[in-house]
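Predicted, not measured: the structure shown is a model, and the values here were computed from it.
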Amino acid sequence: MRKALHILLSIIVLLSLPGCMDRIDLEDATLSLMVGLDLNEKNELLYYVSSPVFNREAKVKSEEYGIRAESLRQARGRFDEIVSGVTLAGKIQVFCVGKRLLETPDWFRLMDVVYRDARFSVNARMVSFDGPVHDLFHSSPPTKPRIALHLTKLIDTANRRNVTVKTTMQELHRQMYEKGMTPSITKLDKNKEVKVMGTALLTEKGAFATLISGDETPYLQMLLHGKIGEISLSMPYPDGQQDKKIVKKRISYFVKGVDKKIKATYVDGRFQFDVDMKLRVSISERQFPFDMEKDYVKMEKVIEKEILHEYQKLITKCQKLKIDPFGFGLYARAHAYPEWKKIENDWPNTFAQATVRIVPDVTIKGNGIVK
């Protein structure tokens with residue numbers, strides 16, 4: 001009886017470990033840390049992969065390959081013909097799309113296998129590269145780690161400073177199928193070194209629409225729901241004498257906190273969004289004399305005017321391109337559902353006609369450790 005009980009318990013334990021059936025040794029695997037998609041001059045699809053090399057005899061610790069294929073699944077089979085281990089996609093950190101391919105409206109269909117196969121990593125960072133993806137994959141600065149690890153750290157640091165977004169493959173899938181907003185991903189470029197250029201804003205079909213710089217991205221980030229992190233802004237002080245001096249009159253500040261209320265209404269046949277933003281800021285740099293104790297209210301008004309000006313430029317730019325990276329459509333759905341229901345499949349065109357009123361209310365909470 002006891003022997004039969006032991007056999008039964010052993011069977012139960014073995015059945016609870018189905019994941020070990022496809023175990024593979026690290027030495028027999030090619031871990032894809034970075035994957036790239038691009039188009040060549042003949043509009044043929046190119047696939048790239050970057051993987052670490054664990055062999056002690058290898059002098060180069062990273063390998064990069066590029067092939068032509070018509071789908072990601074076909075590309076995996078062809079990579080297996082040239083790499084030393086079985087290609088695995090569960091550790092992808094960066095997924096790069098070349099700008100030429102990103103300008104093709106239906107490129108997102110190429111990602112089908114990513115969301116259909118559970119073994120794919122969906123936490124990889126989505127980036128757009130402004131140039132041949134081949135140049136990015138074969139970039140190996142001597143002072144930097146492997147290119148995949150370098151880009152991972154670069155994007156995370158830039159996002160922490162809010163100079164770009166951090167859109168994972170899973171988040172991109174949500175944004176692509178969310179009717180109330182349009183997608184946005186990190187934008188990279190390479191001259192001598194790889195550089196974060198800001199944020200690429202995409203259309204509702206996923207095609208590249210425009211680029212907003214690292215100076216503009218914080219304004220997008222402050223409107224996105226649930227966004228946190230350090231926000232540092234810099235602006236010229238408006239006194240009309242900026243061009244004649246070497247040391248310009250500029251002021252920089254940290255945004256220590258943002259409380260915003262967005263109210264969506266439907267007035268006279270169009271949506272209207274009233275955004276009240278209360279910002280707590282701390283002055284971090286001031287390159288000109290100013291009596292902060294006496295005139296701090298004046299400084300608050302100057303900052304409010306600059307913030308309002310930047311938002312008006314950014315929102316007007318997006319409305320002309322019929323994109324809504326801010327997610328105003330989510331508020332339209334929440335606050336004016338009957339009207340939203342009528343236009344939910346045509347939100348970008350509807351947002352282009354909407355009225356957006358931003359009311360910044362700045363409070364200076366800190367002035368540094370000097371007067």
Side-chain angles (χ1 to χ4, degrees), residues 35-48 68-72 75 94-116 122 124-136 155 164-190 196-214 216-217 220-221 223-224 313-330 343-354:
V35 172
L37 277 70
D38 203 1
L39 281 179
N40 63 14
E41 293 77 9
K42 299 178 181 178
N43 285 335
E44 296 170 321
L45 283 169
L46 303 176
Y47 292 81
Y48 296 89
R68 283 184 304 184
E70 295 181 357
S71 72
L72 268 171
V94 178
F95 197 102
C96 178
V97 182
K99 185 180 178 182
R100 288 198 65 201
L101 179 60
L102 199 63
E103 291 172 342
T104 307
D106 56 353
W107 73 270
F108 189 69
R109 296 178 187 173
L110 298 170
M111 304 282 288
D112 179 81
V113 67
V114 172
Y115 305 109
R116 194 177 298 277
V122 291
R125 298 141 187 85
M126 287 297 306
V127 303
S128 163
F129 182 64
D130 195 4
V133 174
H134 174 276
D135 293 349
L136 179 65
I155 295 168
T164 188
V165 296
K166 181 181 175 181
T167 304
T168 63
M169 288 198 287
Q170 186 176 28
E171 173 62 16
L172 178 64
H173 185 272
R174 185 188 74 82
Q175 293 180 1
M176 287 293 296
Y177 288 98
E178 169 56 62
K179 297 178 180 178
M181 70 183 304
T182 51
S184 55
I185 61 177
T186 299
K187 185 80 162 54
L188 297 180
D189 194 5
K190 177 178 176 294
V196 174
M197 299 298 293
T199 302
L201 305 183
L202 312 183
T203 66
E204 60 176 338
K205 300 294 184 182
F208 178 81
T210 189
L211 167 72
I212 59 172
S213 67
E216 295 173 294
T217 299
L220 167 65
Q221 296 282 73
L223 276 183
L224 290 177
K313 282 198 309 179
L314 183 58
I315 291 173
T316 301
K317 182 179 182 179
C318 290
Q319 287 186 310
K320 285 183 178 178
L321 294 168
K322 298 180 180 179
I323 55 177
D324 177 18
F326 316 98
F328 279 114
L330 304 178
I343 51 82
E344 61 176 347
N345 295 319
D346 191 29
W347 174 243
N349 285 318
T350 305
F351 176 67
Q353 304 299 322

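Applying the side-chain contact (heavy atoms from CB on, under 4.5 Å) test to Glu171 and every residue at least two apart in sequence or in another chain returns Thr167, Thr168, Arg174, Gln175. With sequence neighbours excluded, the residues satisfying side-chain contact (heavy atoms from CB on, under 4.5 Å) with Asn40 are Lys42, Glu44, Leu46, Arg68. Looking at residues two or more places apart in sequence or on another chain, you find a ring pair (Phe, Tyr, Trp, His ring centres under 6.0 Å) between His173 and Tyr115, Tyr177.
Lys317 NZ: more than 12 foreign heavy atoms inside a 6.0 Å radius. Atom NZ of Lys322 sits in a sparse spot, with 12 or fewer heavy atoms from other residues, nucleotides or ligands closer than 6.0 Å. In the displayed structure, Glu103 atom CD is contacted under 6.0 Å by more than 12 heavy atoms of other residues, nucleotides or ligands.
Thr182 places a side-chain N or O within 3.5 Å of a backbone atom of Asp324 that can act as its donor or acceptor partner. Looking at Gln319, its side chain never comes within 3.5 Å of a backbone N or O of Thr316 through a donor-acceptor pair.
Here the straight-line distance linking atom CD1 of Ile315 with atom CG of Leu223 works out to 6.0 Å at 0.5 Å rounding. In this structure, the separation between CD on Glu216 and OG1 on Thr210 is 8.0 Å, given to the nearest 0.5 Å. Distance check, rounded to the nearest 0.5 Å: CG of Leu45 to CD of Glu70 gives 8.0 Å. To the nearest 0.5 angstrom, Lys187 atom NZ is 8.5 Å from Leu102 atom CG. Rounding to the nearest 0.5 Å places CG of Leu202 at 11.5 Å from CG of Leu321. Here CG of Leu224 is found 10.0 Å from CG of Leu330. Values are rounded to the nearest 0.5 Å.
Across all non-hydrogen atoms, the minimal contact from Met126 to Met111 is SD-CE, 3.9 Å. Annotation for Thr350 and Asp346: closest pair OG1-O, 3.0 Å, computed over non-hydrogen atoms. Contact record, Ala209 with Thr203: CB-CG2, 3.9 Å, taken as the closest heavy-atom pair. Here the closest non-hydrogen pair linking Ser128 and Ala200 is CB-CB, 4.5 Å.
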Practice problem: Evaluate side-chain hydrogen bond (donor to acceptor under 3.5 Å, both in side chains) for Thr199 paired with Ser184, printing each intermediate quantity in order. | Solution: CA-CA 7 Å; Thr199 302; Ser184 55; over 6 Å; no
Practice problem: Test Val133 against Leu101 for side chain to side chain contact (heavy atoms under 4.5 Å, CB included), laying out the working first. | Solution: CA-CA 10 Å; Val133 174; Leu101 179 60; over 6 Å; no
Practice problem: Starting from the C-alpha separation in whole Å, work towards a yes-or-no answer on side chain to side chain contact (heavy atoms under 4.5 Å, CB included) for Val35 and Tyr47. | Solution: CA-CA 7 Å; Val35 172; Tyr47 292 81; 5.6 Å; no
Exercise. Please assess Leu39 against Trp107 for the test side chain to side chain contact (heavy atoms under 4.5 Å, CB included), listing each intermediate value before the final yes or no.
Key: CA-CA 11 Å; Leu39 281 179; Trp107 73 270; over 6 Å; no
Practice problem: Mind running side chain to side chain contact (heavy atoms under 4.5 Å, CB included) on Phe129 and Asp38 for me, showing each step along the way? | Solution: CA-CA 9 Å; Phe129 182 64; Asp38 203 1; over 6 Å; no
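Within the 4.5 Å cutoff, the side chain of Val165 has heavy atoms near those of the Gln221 side chain. Taking the side chain as every heavy atom from C-beta outward, Val97 and Val127 never approach each other to under 4.5 Å. You'll find the side chain of Lys179 reaches within 4.5 Å of the side chain of Asn345, heavy atoms only. Residues Phe108 and Pro183 fail the side-chain proximity criterion, which asks for heavy atoms closer than 4.5 Å. By the 4.5 Å heavy-atom criterion applied to side chains, Phe95 and Leu172 are not counted as neighbours. In this structure the side chain of Asp112 never reaches within 4.5 angstrom of the side chain of Leu72, judged on heavy atoms. Contact of the Ile212 side chain with the Leu220 side chain is registered, since non-hydrogen atoms from C-beta on lie closer than 4.5 Å.
For the pair Lys99 and Phe208, the cation-pi test (distance below 6.0 Å, angle within 45°) is passed.
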